[in-house]
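Step one of this worksheet: look at the structure below.
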Amino acid sequence: MEDQGVTPPDGVAGTQQVRLGRRSFLKLGSLGGTAAVLAACSAPPAPPTVVPPTTAPAPTAPQVPTPVAAAEPVTAPLVSDVLPYPRLKIATLSDLQKGVFSTAYPDQFSPVQVLKLGAKTVGGVGPDEDIVAYSGLCTHMGCPVTYNPATRVFMCPCHYSHFDAATDAMLISGPATQHLPRVVLEVEGQDIYAVGVQGLIYGRPHNLSLTEL
Ligand code: FES
């Protein structure tokens, strides 16, 4: 193809007019691109980017359960415990001439039968260690019990539980499951004092507290 030539724009190359053929102009452009590629290829390679090593996570210490302080043992009263009700005078020796005396302890809501059995017995006090006292409330459902001196047996008229006064008011028969609570006695001269109750008096929430009445 014929090189028709390219006239550079006005003002280029100063006062001297330079006329390049079209083929020469394209060749110059091609050489410029090649030179740029060669320059890029001959440039020193960029230094590798230093990537800091990944820091491995520190091993987690195994979870150790926090020790829990041992709970204080619950000190609920047992049937065999003596609940320390106040020391109160509840009878005299002369009140027992008939073998049985009805009173109340630790308050008017808890009937008590004081007995003189005529023979030494469990928890007996007095000169012959035969004076005892028991709650007059049945341990089944709280009915007042009656006492028969001839048989020394308490009987509940509600469901007929029977308790043996000569053997710590143990249950003989009936639906009750506990003996009658025994009132702990002390004798001072002619006076008989109650100082506590061994067992749980039926229907008294304060049985569960050794400090309240
Ligand atoms: S209340 Fe006494 S036997 Fe049921």
Side-chain angles (χ1 to χ4, degrees), residues 73-188 190-213:
V74 178
T75 55
L78 303 176
V79 172
S80 58
D81 287 344
V82 175
L83 303 183
Y85 290 111
R87 188 176 192 268
L88 296 175
K89 177 183 173 182
I90 61 170
T92 63
L93 293 179
S94 60
D95 290 331
L96 297 174
Q97 292 177 351
K98 294 183 179 179
V100 57
F101 179 73
S102 297
T103 181
Y105 180 79
D107 55 34
Q108 60 184 6
F109 305 109
S110 294
V112 163
Q113 303 280 349
V114 185
L115 313 177
K116 182 170 175 57
L117 296 175
K120 183 177 178 179
T121 188
V122 178
V125 297
D128 302 318
E129 300 182 35
D130 62 344
I131 299 173
V132 288
Y134 298 105
S135 168
L137 297 179
C138 179
T139 54
H140 178 222
M141 295 182 70
C143 287
V145 295
T146 59
Y147 177 66
N148 184 340
T151 60
R152 299 176 182 170
V153 169
F154 289 99
M155 189 274 290
C156 176
C158 290
H159 310 102
Y160 303 107
S161 286
H162 290 70
F163 306 89
D164 184 1
T167 57
D168 207 20
M170 288 179 61
L171 177 68
I172 299 172
S173 62
T177 58
Q178 297 289 335
H179 60 76
L180 292 178
R182 180 162 58 85
V183 178
V184 180
L185 302 176
E186 292 177 1
V187 173
E188 205 173 285
Q190 294 294 307
D191 298 328
I192 301 172
Y193 290 86
V195 298
V197 175
Q198 186 177 39
L200 303 179
I201 304 172
Y202 186 90
R204 293 183 67 91
H206 300 316
N207 278 316
L208 302 180
S209 169
L210 299 179
T211 57
E212 297 181 58
L213 285 181

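Order of listing sets the numbers, starting from 1, for every ligand and every atom in it.
A side chain to side chain contact (heavy atoms under 4.5 Å, CB included) with Tyr134 is found for exactly one of Val183, Val112, Leu115, Val197, namely Leu115.
Residue pairs that meet the side-chain hydrogen bond (donor to acceptor under 3.5 Å, both in side chains) test with at least one member in residues 144-155, sequence neighbours left out, do not exist here.
The two residues Pro157 and Pro144 make their nearest non-hydrogen contact at CD-O, 3.3 Å. Across all non-hydrogen atoms, the minimal contact from Ile201 to Ser135 is CG2-OG, 4.0 Å.
Near-neighbour remark for atom 4 (Fe) of ligand 1: protein N, O or S atoms under 2.8 Å are His140 ND1, His159 ND1; waters not counted.
Formation of a donor-acceptor pair under 3.5 Å by the Tyr202 side chain with backbone atoms of Leu180 is not found in this model.
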**Asked** Under the disulfide bond (SG atoms under 2.5 Å apart) criterion, do Cys138 and Cys158 qualify, and how do the steps go?
**Response** CA-CA 9 Å; Cys138 179; Cys158 290; over 6 Å; no
